[in-house]
Amino acid sequence: SNSSRHRGKLAPGPYPFPIIGNILQLGRKPHQSLAKLSKTYGPLMSLQLGSIYTVVVSSPEIAKEVLQKHDHALSGRTIGAAAQVHNHHNISMAYLPVGDQWRKIRKLCKEQMFSIHRLEASQSLRQEKLKQLCDYVRECCCVKGRVVDIGEAAFITSLNLMSATLYSEDFTSFDSESTTQEWRETIRGVVKTVGAPNFADFFPVLKRFDPQGIKQEAEFYFGKLLDMFEDVINQRLHSRNTASPNPPPKKNDLLEALLDLGEGSEDDFYSCNHIKHLLLDLFTAGSHSTSSTVEWVMTELLLSPTKMSRAKNELRIVVGENKQVEESDISRLPYLQAVIKEVLRFHPAGPLLIPHKSEADVEINGYTIPKNTQILVNVWAMGRQSSLWSSPNSFEPERFLENKVVDFKGQDFELIPFGSGRRMCPGLPLANRMLHIMVASLIQNFDWELEPGTKPEDVDTTEKFGLALHKAVPLKALPVFNYKTK
Ligand code: HEM
């Protein structure tokens, strides 16, 4: 497959060792190691990861070439062993190559789920889930000194906001009751197996042996989650088909729309099998990315009390003291928006996007990217370049008040936490609402303090690399009474 490589000059990069290539240079935090290497080898850099030839992009100019100018040829996916279980890669929006089937799923999501019309219609369902979050935190307030694990609370809330949006149901509650715990653990399992570096992906001879057991684990968690979604779908089919004198009102959600479209259609596309793989993709792509972003927002605000009060004041002035913040308020909260943008610059949940693959030879800046190259776009590195940002290593939401035009919707290549071009995150419109409204609810209703006994300088802000970039140490924060919690 690499026979075309001799045709052009390859991008520069560190010298590869035999067989392993540059794998050891990735270390435990690949986004950071790669950022460092690109300072030596430039914004388009070659690496040999075992048998996988990889290029790493670390500047907005090259990112634009890759994600905009050549996005047709460069929007394939490399598919690890974990994503191939239960035939997922042949059905999944996240892994299908750019083609008719993929386009059809993207279009469906855009129209049936993430359109303004649909999101407005499902807003009250999400408002209900935010109330549950606030009730939970209030309960923690009442038990003196009980800290909240912000990442976990945001994870549960993200799952609830998504299940409300996709199929109008509660997903999981804050208690540790076994069924809700099971949903959480299963989603975590899927996310973990897809995000874990698997040696078998880099060394084809190992594929059969599954040396780390990742494929086996993926088989289990994917299977379990697919079964759980199948139950959800069957329950809905059952209630749709039960003739009753007073049928319940029709639901206004993605699941209902898909089943309506599938009615009488022979198209495989609306089969239970396809719907459950779609739900799996949406939940695994959307939950940890959103909750870890919320955790970083709260961490940064707790470490900068003046910025925390500025955000709280804005809510007090714009929304008022006696009204709960709603999604429709977001556009009138410029400081909150700047805070979220700044976190997406500083701690992007997908520091290397999701790996792309070239479907043909492409030439960029005089270098050839041969067919079947894996492409990583290091948005983390771009967010921290001093040539692009002043004081890139400090958390300064104010920079986005001065420069209001830079946005993360895929047009400004220095800030692309959701990617850009045809493979860009389809969930952005929902993610955007969830992020703002979750943070706004947490800071409008509560004052927050660090876990008792913790000083700001003790807060560990190191990152843990996985499918989503997490805080290595969970943020535990103490909600305290304010006028609203009484
Ligand atoms: C803070 C929140 C989020 C961030 C930072 C984020 C970021 C990303 C990134 C970087 C990609 C890969 C783009 C590429 O390959 O070039 C992606 C893909 C994707 N995201 Fe998100 N995302 C978020 C939330 C969501 C939500 C809430 C959903 C769904 C409800 C979602 C669904 C997806 C799917 C299905 C894909 C794969 C699309 C494809 O391959 O065609 N994401 N996201």
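Atoms within each ligand, like the ligands themselves, are counted from 1 in listed order.
Here the heavy atom of the protein found nearest to atom 7 (C) of ligand 1 is P417 O, 3.6 Å. Here the protein heavy atom with the shortest distance to atom 16 (O) of ligand 1 is H356 NE2, 2.7 Å.
Put simply, part of R77 is less than 4.0 Å from ligand 1, judged by heavy atoms. Residue-ligand proximity: M113 is placed with every non-hydrogen atom at 4.0 Å or more from ligand 1.
The shortest N or O to N or O distance between R106 and ligand 1 is below 3.5 Å. By the 3.5 Å distance cut-off applied to N or O atoms, S420 is not counted among the residues near ligand 1.
Of the N and O atoms on the side chains of D253 and Q112, not one donor lies less than 3.5 Å from an acceptor on the other residue.
Between F155 and H288, the ring planes lie tilted relative to each other; the angle falls in the 30° to 60° range.
If you count the protein N, O or S atoms nearer to atom 21 (Fe) of ligand 1 than 2.8 Å, you get 1.
Remark: R184 engages E152 in a salt bridge, criterion side-chain N to carboxylate O under 4.0 Å.
Counting heavy atoms under 4.0 Å from ligand 1, residue F283 does not touch it at all.
Considering only residues two or more places apart in sequence or on other chains, I52 meets the side-chain contact (heavy atoms from CB on, under 4.5 Å) condition with T54, F202, Q374.
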